[in-house]
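Here is the structure we will look at, set down as structure tokens.
So that the names make sense, note that chain A is the first sequence line, chain B the second, and so on, each numbered from 1.
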There are 2 protein chains.
Amino acid sequence: MSLEYAILVSLQERAGSGYELARRFDKSIGFFWGASHQQIYRSLKRMVELGWVTGDAVAQEKRPDKKVYRVSEAGAAELARWLAEPADPPTVRNELSVKIRGASYGEVAQVLAEVGRHRRLHAERLAIYRAIEQRDFPDPTRLSGQSLHQFLVLRGGIRTEQSMVDWCDEVIGALEDDSSA
Amino acid sequence: MSLEYAILVSLQERAGSGYELARRFDKSIGFFWGASHQQIYRSLKRMVELGWVTGDAVAQEKRPDKKVYRVSEAGAAELARWLAEPADPPTVRNELSVKIRGASYGEVAQVLAEVGRHRRLHAERLAIYRAIEQRDFPDPTRLSGQSLHQFLVLRGGIRTEQSMVDWCDEVIGALEDDSSA
DNA sequence: CTACTCATGTAATCCGTTACATGATTGT
DNA sequence: ACAATCATGTAACGGATTACATGAGTAG
């Protein structure tokens, strides 16, 4: 049910169409809440039924019409209510850890290669986050309100990716030592 | 589909009943792959149909009978095949981040309290991991094979929880400063 | 002419969560 | 007496993923 609330937050920041929301979930919001366009269209439909958002058709030149969604008063109230609710900590489900734990039942070298691949993926993502940090928040001490909140979420992403890179390095080092011994 | 493979790994380490597996998914394996007893029973049923495991009824004194599951040759082969496959990096879905990003559309103080609660939860989990580390792996330099793999997964948990605690502290500090300003 | 972006959806399937259900034994 | 632990499941629902589907405009 949280996708609806992620959409409410995004639409409060700026009204937009389903397509535009899908783009935002490919970056920005999507860095901490992933969602496909199919999910987004379905959720928007439900949210219109619930009266949380309104969708106005907007004609465009040389482009298909789009429906621009806006948060209603009821939607804003619902978002405020949800923000005050406790969130359950996410269930941990780390496939790579399952593979490492089970490595001795297959080819350790292949699991090791996979850890290397994940290291690269996390390092890439970390580089993206660091670039955003430098571009959008050059002086973090002066931040307040919404931009501070955005910055703090980005900081979470940076910490998570950095810790993944460090862990992959530890795993790679230990497995290499072990296989050469 | 990964639950089946997590079960295969756990059953390779030690054969056991559905109930025993459910206990293991409350700790140990469960620290990086959560699963309820309902899911486990359903998966075991499917895995018997696929021929990946065999279930033998074992009579017990003063306790209900149980079915002890063991990985078959076909199951072992399937596990080895899966271990060589690439794993897609987990989809990020962090509800707390959504709340922080949206904090200004509700009561910031309540979101702040929730971050504090999460900080405590992560600190508790970190303490559990550190205790396991000290108890089971007092001399990590000597580890090899399966016990090394277990240790490395535990290290991932420690790094993840530590980074969450640090992030919560950063968020709490920044939000407190911002509200007092 | 090919591929990509803009724009919106439906349908099938799979996976996870919640609730319901039973029944014996052990400890307080 | 009551709660907890051992032991095993079914059923309903909801959310996510994957595949399918359409159609116009724009850049190479």
Charged N-O contact under 4.0 Å between [X] and [Y]:
X      : Y      : value
A/E78  : A/R81  : yes
B/E13  : B/R24  : no
A/D56  : A/K67  : no
B/E114 : B/K99  : no
B/E133 : B/R130 : yes
A/E20  : A/R23  : no

* Any side-chain N or O of A/S17 under 4.0 Å from OP1/OP2 of C/dT8? ->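 It does, given that an N or O in the side chain of A/S17 lies less than 4.0 Å from OP1 or OP2 of C/dT8.
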
* Asked: 5'-most contact on DNA chain D: B/E20 or B/R93, nearest heavy atom basis?
  ->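 First, find each residue's nearest nucleotide; the 5'-ward one identifies B/E20.
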
* Asked: Of A/G34 and B/V68, whose closest DNA chain D nucleotide lies nearer the 5' terminus?
  ->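 Of the two residues, B/V68 wins.
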
* Checking side-chain contact (heavy atoms from CB on, under 4.5 Å) against A/F31, which of A/V153, A/L154, A/I128 comes through? ->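 In the set A/V153, A/L154, A/I128, the residue that makes a side-chain contact (heavy atoms from CB on, under 4.5 Å) with A/F31 is A/I128.
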
Rounded distance (Å) that lies between atom [atom2] of [N] and atom [atom1] of [X]:
X     : N      : atom1 : atom2 : value
A/E4  : D/dG14 : CD    : P     : 12 Å
A/K67 : C/dA7  : NZ    : C1'   : 11 Å
A/R23 : C/dT8  : CZ    : P     : 11 Å
A/E49 : D/dG14 : CD    : P     : 13 Å
A/E95 : C/dC15 : CD    : P     : 12 Å
B/Y5  : C/dC15 : OH    : C1'   : 15 Å
B/Y19 : C/dA24 : OH    : P     : 17 Å
A/R24 : C/dC6  : CZ    : C1'   : 15 Å

* By side chain to side chain contact (heavy atoms under 4.5 Å, CB included), which residues pair with A/S2, not counting sequence neighbours? ->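 With neighbours one apart ignored, the set is A/W33, A/W82, B/E95.
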
* To do: Answer with yes or no whether the side chains of B/S28 and A/R101 bring together a donor and an acceptor at under 3.5 Å.
  =>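 Looking only at side-chain atoms, B/S28 and A/R101 do form a donor-acceptor pair, the distance falling under 3.5 Å.
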
* End-to-end axis angle, where each axis spans five pairs of the helix from C/dC1-D/dG28 to C/dT28-D/dA1, to 10° ->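 Rounded to the nearest 10 degrees, the bend comes out at 40°.
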
* **Within residues 35-46 of chain B, residues whose heavy atoms come under 4.0 Å of DNA chain C** =>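 Hits under 4.0 Å, by residue number: B/Q38, B/Q39, B/R42, B/R46.
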
